[in-house]
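Contents: one structure, followed by commentary.
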Amino acid sequence: MKFISTVIRILVLLIFLGLITYGVKLGDFEETRDNGSILCLSCIGIE
Amino acid sequence: MKRRLFQIGALLASNSYFGSVFYSNIYQGWFKGLCIPFMNCYGCPLALVSCPIGTLQHFAIIGAVPFLLIGFLGTVGLVVGRMTCGWLCPFGLVQEMLHKIKTPKLHPHKILSYTKYVSLIGLTILVAFLVGEPWLCKLCPVGTLEAGIPILLWNPGGDIFTQDGSIVSRVGLLFYVKILILLGFGSAAVFIHQPFCRYACPLGAIYSLFNKVSFFRIKLYRERCGFFHEYEKTCPMEVNAQQNPNDKDCIRCLECTKCRSLAFKPFWRK
């Protein structure tokens with residue numbers, strides 16, 4: 001039982017790591033950087 | 001003490017762009033492509049990295065799936081569960097400090113902790129997707145404390161503030177609403193331990209899903225200690241570790257592991 005749960009956890013971890021790689025390939029990193037580089041003044045109540 | 005050092009270290013590491021002092025601008029370089037694993041507003045003049053919840057809302061607004069963010073948060077959650085809430089989050093630190101003020105303490109019913117899932121699914125994802133605006137950011141007390149107030153105090157005149165007039169003169173109603181929300185959570189923190197983390201934090205809601213299945217977890221050894229109940233009172237999230245040591249609300253502060261009956265270990269270790 002412990003072996004199966006270990007294998008499942010490792011598989012899920014690999015899926016998450018795969019999502020990171022896939023996201024980087026799709027340009028998520030650049031999208032995050034561009035979004036984070038703009039100061040949203042309206043978000044802090046400055047009009 | 002060790003945890004305090006981690007919390008202060010995380011605060012400094014994620015907010016160390018001192019170039020804003022000289023250039024009157026926020027950081028726009030490579031590190032902003034990275035999300036940190038805790039709540040930290042990237043509108044802070046000193047912010048070096050991006051907020052995962054702000055990023056999640058941005059992707060909801062543009063109608064895209066944030067694969068990188070899902071992978072990152074999933075990896076962190078699967079390895080340590082909510083540990084970043086207890087060890088790294090600066091807003092958690094602020095709430096903990098406020099809770100040290102000596103007053104009678106309140107213990108709201110545990111069922112209220114499900115409201116953080118409403119905050120995650122409703123306000124963070126659905127509202128952003130349907131309305132096209134990051135309403136969680138607009139109401140977030142972390143943003144008020146780390147960005148709203150510092151920007152007003154900073155009051156720069158650089159590239160990003162090209163409109164005429166000072167920033168103070170452009171403060172709108174939303175800013176006062178944000179201040180009220182911050183004061184609400186701040187004053188609640190005096191009476192209730194970490195109310196934002198318990199009832200409102202969308203990031204805590206994501207990590208909480210992993211507490212029961214994470215690689216590192218709290219293990220209970222009933223036979224080792226007969227005085228466990230003394231330590232149960234030390235749990236800031238009021239988790240009954242003797243019944244459910246990996247409860248969804250546990251922030252893995254590890255205060256309870258001072259008792260020999262509890263240990264923080266990888267799940268495969270006996």
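Chain naming here is simple, since letters A, B, ... match the order of the sequence lines and numbering starts at 1 in each.
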Query - Per-residue contact mode, B:Ile62 against chain A (heavy atom under 4.5 angstrom) - result: side chain
**Report entry** Part of B:Thr75 lying under 4.5 Å from any heavy atom of chain A
**Finding:** both
Report summary line: Among A:Gly18, A:Ser5, A:Gly36, the residue with the most heavy-atom pairs under 4.5 Å to chain B is A:Gly36
Query raised in the report: Hey, would you say the B:Trp30 and A:Phe29 ring centroids sit under 6.0 Å apart?
Result: yes
Report summary line: Of the listed B:Val213, B:Leu139, B:Val79, the one with the largest count of heavy-atom pairs under 4.5 Å with chain A is B:Val213
**Report entry** Where B:Pro202 and B:Leu136 come nearest, the two heavy atoms and their spacing
**Finding:** CG-CD2, 3.8 Å
Query raised in the report: Between A:Tyr22 and B:Phe67, what is the ring plane arrangement, given parallel below 30°, perpendicular above 60°, and tilted in between?
Result: perpendicular
Report task. Just say parallel, tilted or perpendicular for the rings of B:Phe185 and B:Phe196, cut-offs at 30° and 60°. Result -> perpendicular
**Report entry** From B:Arg252 atom CZ to B:Phe264 atom CZ, the distance as rounded to the nearest 0.5 Å
**Finding:** 5.5 Å
Query raised in the report: Under a 4.5 Å heavy-atom cut-off, does chain A meet the side chain of B:Trp135, its backbone, both or neither?
Result: neither
Report summary line: With chain A, the option among B:Phe72, B:Tyr27, B:Phe59 that has the most non-hydrogen atom pairs under 4.5 Å is B:Phe59
Query raised in the report: Is it the backbone or the side chain of B:Leu78 that comes under 4.5 Å from a heavy atom of chain A, or both, or neither?
Result: side chain
Report task. Under 4.5 Å heavy-atom distance to chain A, tell me which part of B:Ile179 shows up: side chain, backbone, both or neither. Result -> neither
**Report entry** Heavy-atom pairs under 4.5 Å with chain A, option from B:Ile70, B:Val177, B:Leu69, B:Ile149 with the top count
**Finding:** B:Ile70
Report task. Select one option (side chain, backbone, both, neither) describing which atoms of B:Phe31 are under 4.5 Å from chain A's heavy atoms. Result -> neither
Query raised in the report: Which bit of A:Leu13 is near chain B, if near means a heavy-atom gap under 4.5 Å: side chain, backbone, both or neither?
Result: both
Query raised in the report: How long is the span from the CD1 atom in B:Ile36 to the OG1 atom in B:Thr84, to the nearest 0.5 Å?
Result: 9.5 Å
Query raised in the report: Just wondering, are more than 12 heavy atoms of other shown residues or ligands nearer than 6.0 Å to NZ in A:Lys25?
Result: no
Query - B:Phe210, part contacting chain A, at a heavy-atom distance under 4.5 Å - result: side chain
Query - Residue from B:Ser208, B:Cys250, B:Ser214 passing side-chain contact (heavy atoms from CB on, under 4.5 Å) with B:Arg82 - result: B:Ser208
Requested in this report: With a 4.5 angstrom heavy-atom cut-off, could you sort out which part of A:Ile15 is near chain B: side chain, backbone, both or neither?
Outcome: neither
Query raised in the report: Checking B:Val65 against chain A: side chain, backbone, both or neither under 4.5 Å from a heavy atom?
Result: backbone
Query raised in the report: When rounded to the nearest 0.5 angstrom, what distance separates CG in B:Leu56 from SG in B:Cys51?
Result: 9.5 Å
